[in-house]
Protein chains: 2
Amino acid sequence: MPLRTRIPRPAARRLSLYLREGESLLAIGAATVSSERLGARLGISAAQVRRDLAYLAQAGQRGVGYDLSTLVSMLSRELGLERPWHAVLVGVGNIGRALLSYAPFRESRVSIVAALDCDPAAIGQRWGGRMVEPVANLAAVVQRERVELGVIAVPIGSAQKVADLLVGAGIRGILNFAPVEIVVPEGIAASNVDFGVELRRLAMDVMQETAALERASANRRPA
Amino acid sequence: MPLRTRIPRPAARRLSLYLREGESLLAIGAATVSSERLGARLGISAAQVRRDLAYLAQAGQRGVGYDLSTLVSMLSRELGLERPWHAVLVGVGNIGRALLSYAPFRESRVSIVAALDCDPAAIGQRWGGRMVEPVANLAAVVQRERVELGVIAVPIGSAQKVADLLVGAGIRGILNFAPVEIVVPEGIAASNVDFGVELRRLAMDVMQETAALERASANRRPA
DNA sequence: TTATGTGAATATCTTCACAGCG
DNA sequence: CGCTGTGAAGATATTCACATAA
């Protein structure tokens, strides 16, 4: 077997977006979609969409486009969503509660099956149907629920400690919302979402847009 | 003047991280940092760090490293953080409240100066020191507080509507937490954070890690 | 005729390796 | 001597343009 070449990182990231849009088009009642239209909905060029989707075997049909239900199931398979994934959340502050009540998870194959916290006052409360357990239960929860992913939503000071606990409990991937880069051993996937970094990046993008506009108008009346 | 070449997209995104780490090292009492160490804290190669920081004029000193206070102020300037940026939040559900209580904003130059919602029950409540106002006030708030950025934390169904309102009110950049790609006119910066997409990506990363490990062990005993 | 799939060309990003400077 | 800054090489990613298939 040819062991199909690995999908490039940026393409792989876009696959999640195609899946989300594909599902939403399907929900609207559409049957097919063109690379043109799919790209337009996501701000991605049609050529890029075709190149990305060509990594899936035979996803589209020439002259017609992509059959949405085929596309959705191929993307699901590619993204590893044919089987369900279980995640455990640590920290039920505002971010944690936002995650627990994030509606789209209910029908997604990736779900948060348990919520832990170390604050005695938080333990026993229910959020989005799940009861908060003490962090001490972590290892037991991971085994009991076959948990593979961990979500960190604790303050910056405890983030690394929680990451170590998760790794120790046998988790394979971590999504971290604390504003610090966590360190994980080789072979464990980690990704970070930091609201502050996102807002700063936005500010920078606005600056660059502004600069680009000024440059453009300066070019209209050059030396 | 040579109109210094634009900083590449990926490098620009990393700049936010260098700033965050730089500030945190400074807080610890460090005076300088090497590309080696800075990179190690972020999982970025030293060569990459040097290449990125070289976009700032004369940021480091050979044989010594980067002076942290210089570095932090250069990065702040590059990211447009020399002056404060004001953002308005629309939607005070769980995500909105998480943003309002996100501690690092308090000392950052990007701050959320107002919170709006369309639910009468939410209006008048206080979160993180800010009182929730009706969305109808949007244009007035934008003018009053010189707001340039908008944060969307409303359900999927109203996200595009809110985006249009923000653009209409004169906002220059939008950070969207609803799980849909919003459409904005040319010249307006937009970026999206979707918890579902992030978790799916994590699941995919875990799959790929697993596949890579299997491939590696298969190679140890090839045909 | 329409819209995919894909070589080839281009553009962009990253790493290497070492000259250069304090 | 240590560590940055940077040409040049290498690796990746994107776009173009068109052959191809329904």
Side-chain angles (χ1 to χ4, degrees), chain A residues 2 4-18 21-22 25 30-72 74-75 78 201 204-205 208 212, chain B residues 2 4-18 21-22 25 30-72 74-75 78 201 204-205 208 212:
Chain A
R4 210 246 292 95
T5 59
R6 209 194 92 269
I7 299 180
R9 237 350 180 76
R13 291 179 62 84
R14 286 187 295 265
L15 259 31
S16 292
L17 297 176
Y18 302 141
E21 289 307 305
L25 285 166
T32 65
V33 69
S34 66
S35 56
E36 186 81 33
R37 184 140 110 85
L38 187 51
R41 290 174 65 104
L42 292 165
I44 295 173
S45 78
Q48 181 77 81
V49 172
R50 290 202 298 279
R51 175 71 72 192
D52 291 343
L53 294 184
Y55 287 112
L56 316 172
Q58 192 56 26
Q61 202 167 352
R62 296 177 196 230
V64 178
Y66 299 87
D67 176 76
L68 278 167
S69 65
T70 310
L71 184 65
V72 164
M74 290 185 120
L75 284 169
E78 195 60 43
R201 279 178 181 158
M204 193 187 54
D205 287 349
Q208 297 217 341
Chain B
R4 209 240 302 93
T5 58
R6 209 193 92 270
I7 299 179
R9 235 355 179 74
R13 291 180 62 84
R14 286 187 294 266
L15 258 32
S16 291
L17 297 176
Y18 301 142
E21 289 306 306
L25 285 165
T32 64
V33 69
S34 66
S35 56
E36 187 79 34
R37 184 141 110 86
L38 188 51
R41 290 174 65 105
L42 293 165
I44 294 172
S45 77
Q48 182 77 79
V49 171
R50 291 201 298 279
R51 175 71 68 188
D52 291 343
L53 294 183
Y55 288 112
L56 315 172
Q58 193 57 26
Q61 202 168 351
R62 297 176 195 229
V64 178
Y66 299 88
D67 177 75
L68 277 167
S69 64
T70 310
L71 184 64
V72 164
M74 290 185 121
L75 283 170
E78 194 61 43
R201 279 178 180 158
M204 193 187 54
D205 287 349
Q208 298 217 341

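Sequence lines set the chain letters: A, B, ... in the order given, protein chains first and strands last, and positions in each chain run from 1.
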### Summary
Rounded to whole Å, the CD-C1' distance (A:Q58 to C:dT4) equals 9 Å
### Task
Produce a footprint string for nucleotides 13-20 of chain C: one letter per nucleotide, 5' end first; B if the base is under 4.0 Å from any protein heavy atom, S if only the sugar-phosphate is, - if neither.
SSB-B-BB
### Task
Indicate yes or no: does A:D205 engage B:R9 in a salt bridge with an N to O separation below 4.0 Å.
yes
### Distance-minimising heavy-atom pair for A:A59 and A:L71
CB-CD1, 4.4 Å
### Query
How many angstroms lie between atom CZ of B:R37 and atom OH of B:Y66, to the nearest 0.5 angstrom?
14.5 Å
### Considering all heavy atoms, the nearest B:L25-B:V33 contact
CD1-CG2, 3.8 Å
### Message
Looking at C:dA3, I'd like to know if its phosphate oxygens (OP1 or OP2) sit under 4.0 Å from a side-chain N or O belonging to A:S35.
### Response
no
## Note on the structure
Of B:S34 and A:Q61, the one whose closest nucleotide on DNA chain D sits nearer the 5' end is B:S34
### Task
For A:A59, report the nucleic acid contact type (base, sugar-phosphate, nothing); a contact means any heavy atom under 4.0 Å.
sugar-phosphate
### Message
Using every non-hydrogen atom in the two residues, find where B:E78 and A:M204 come nearest and quote the distance to one decimal.
### Response
O-CG, 4.2 Å
### Message
Under 4.0 Å from a heavy atom of chain B: give me the 5'-most and 3'-most nucleotides of DNA chain D that qualify.
### Response
D:dG2 to D:dA8
#### Entry: B:L53 CG to B:Q48 CD distance, which is reported to the nearest 0.5 Å
10.0 Å
### Sub-4.5 Å side-chain heavy-atom contact between A:E21 and A:L38
yes
#### Entry: Close side-chain approach of B:I44 to B:Y18, heavy-atom, < 4.5 Å
yes
